[in-house]
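Scroll down for the structure; my scribbles are underneath it.
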Amino acid sequence: MTLVDLAARLAANGDDRIRWKLVWEFLEEYRWEPPGDQPSLLQTEPAPVDDERWDALLAAIAEHRAAQHDLAPPAWTGSRVLRSPWFPAELASQRTDALVWAPAAFRKHGVYLSQKDLEAA
């Protein structure tokens, strides 16, 4: 699955629980792709999801994964930055954890999701 595919699926599903399952599915599938193929899954700009939080999340994922390959972020990620931070976690303790442990790419885009949550996906 590419980020373009993920964005289309997110746009088709308005339920946040389903959206998170789709994000975790993408991250799991990404891990199983050959390392040389992984960056190609991030390069094409996905269509807007019609929710700036999810658009910023897609950009954060792309930038974070590109950095893991020691690559510059895809050009399209620069414009998808939230004006107000988004803490997807519901519990205060999880939000605190995300504030401390969110990867740099996620903080840059205003999405506070803990590295632990990304690894658990």
Side-chain angles (χ1 to χ4, degrees):
M1 180 186 328
T2 66
L3 276 182
V4 170
D5 299 327
L6 176 58
R9 291 178 184 184
L10 294 176
N13 291 286
D15 183 331
D16 281 355
R17 290 178 298 173
I18 292 172
R19 284 179 166 182
W20 281 114
K21 288 178 182 180
L22 292 168
V23 169
W24 302 146
E25 181 181 330
F26 169 81
L27 293 172
E28 183 63 24
E29 287 184 16
Y30 183 90
R31 283 188 194 107
W32 286 98
E33 288 292 327
D37 294 345
Q38 290 173 343
S40 68
L41 304 175
L42 313 169
Q43 293 303 313
T44 303
E45 180 172 9
V49 177
D50 293 330
D51 183 326
E52 66 179 5
R53 299 172 307 159
W54 294 93
D55 292 334
L57 175 66
L58 293 174
I61 290 170
E63 187 167 331
H64 179 67
R65 295 297 184 208
Q68 291 177 328
H69 289 279
D70 202 26
L71 298 170
W76 63 266
T77 62
S79 63
R80 296 185 182 204
V81 177
L82 296 174
R83 292 180 191 165
S84 298
W86 177 34
F87 291 85
E90 294 178 13
L91 298 175
S93 61
Q94 290 174 312
R95 290 179 180 191
T96 301
D97 195 48
L99 189 61
V100 174
W101 296 109
F106 285 79
R107 289 191 312 266
K108 174 183 170 185
H109 290 277
V111 179
Y112 286 83
L113 189 63
S114 172
Q115 177 66 36
K116 295 175 194 174
D117 292 332
L118 292 169
E119 292 169 359

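No experiment lies behind these values; they were computed from the predicted model shown. Heavy atoms only: backbone and side chains are in, while hydrogens, waters and symmetry mates are out.
- Note that OH of Y30 and CD of Q68 are 6.5 Å apart. Values are rounded to the nearest 0.5 Å.
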> How far apart are the C-alpha atoms of L57 and H109, what are their side-chain angles, what is the distance that settles it, and do they pass the side-chain contact (heavy atoms from CB on, under 4.5 Å) test?
Replying inline: CA-CA 7 Å; L57 175 66; H109 290 277; over 6 Å; no
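- In plain terms, the two heavy atoms of S114 and P103 that are nearest each other are C-CD, 4.5 Å.
- Between A66 and A72, the closest heavy-atom pair is CB-O, 3.8 Å.
- Remark: side-chain polar atoms of D55 are paired, donor with acceptor, to backbone N or O of V49 under 3.5 angstrom.
- Evaluated for a side-chain contact (heavy atoms from CB on, under 4.5 Å) with L58, the options T77, L6, V23 yield exactly one hit, L6.
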>> Between V111 and R53, does the side-chain contact (heavy atoms from CB on, under 4.5 Å) criterion hold? Intermediate values first, please.
In response: CA-CA 8 Å; V111 179; R53 299 172 307 159; over 6 Å; no
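- With hydrogens and angles left out, the side-chain atoms of T2 and D5 include a donor and acceptor closer than 3.5 Å.
- In plain terms, the two heavy atoms of A47 and A7 that are nearest each other are O-CB, 3.7 Å.
- Here the closest non-hydrogen pair linking R19 and D51 is NH1-OD2, 3.9 Å.
- Between the CD atom of Q38 and the CD atom of E33 there is a distance of 7.5 Å, given to the nearest 0.5 Å.
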> Given R65 and L27, is the side-chain contact (heavy atoms from CB on, under 4.5 Å) satisfied, shown in steps?
Replying inline: CA-CA 10 Å; R65 295 297 184 208; L27 293 172; 3.4 Å; yes
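- Between atom CG of residue D50 and atom CD of residue E52 there is a gap of 11.5 Å, rounded to the nearest 0.5 Å.
- H64 contributes atom NE2, which lies 9.5 Å from atom CD1 of I61 (distance to the nearest 0.5 angstrom).
- Under the 4.5 Å side-chain heavy-atom criterion for grouping Ile, Leu, Val, Met, Phe, Trp and Tyr, W76 is connected to F106 within one hydrophobic cluster.
- Distance CH2/W54 to CG/L22: 8.5 Å, rounded to 0.5 Å.
- Residues E45 and V4 come closest through the heavy atom pair O-CG2, 4.0 Å.
- Closest non-hydrogen pair, P39 versus G36, comes out as CD-O, 3.9 Å.
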Under 3.5 Å donor-acceptor pairs involving side-chain atoms of residues 83-94, not counting sequence neighbours:
from : atom 1 : to  : atom 2 : distance (Å)
Q94  : OE1    : L91 : N      : 3.3

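- Using a 3.5 Å distance cut-off with no hydrogens or angles, the side chains of E28 and W24 do not pair a donor with an acceptor.
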>> One pair to check against side-chain contact (heavy atoms from CB on, under 4.5 Å): T44 and L3. What are the steps and the verdict?
In response: CA-CA 8 Å; T44 303; L3 276 182; over 6 Å; no
> Going through the distances and angles, do R80 and E63 end up as a salt bridge (Lys or Arg N to Asp or Glu O under 4.0 Å)?
Replying inline: CA-CA 11 Å; R80 296 185 182 204; E63 187 167 331; over 6 Å; no
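- Between L10 atom CG and F26 atom CZ the span is 10.5 Å, to the nearest 0.5 Å.
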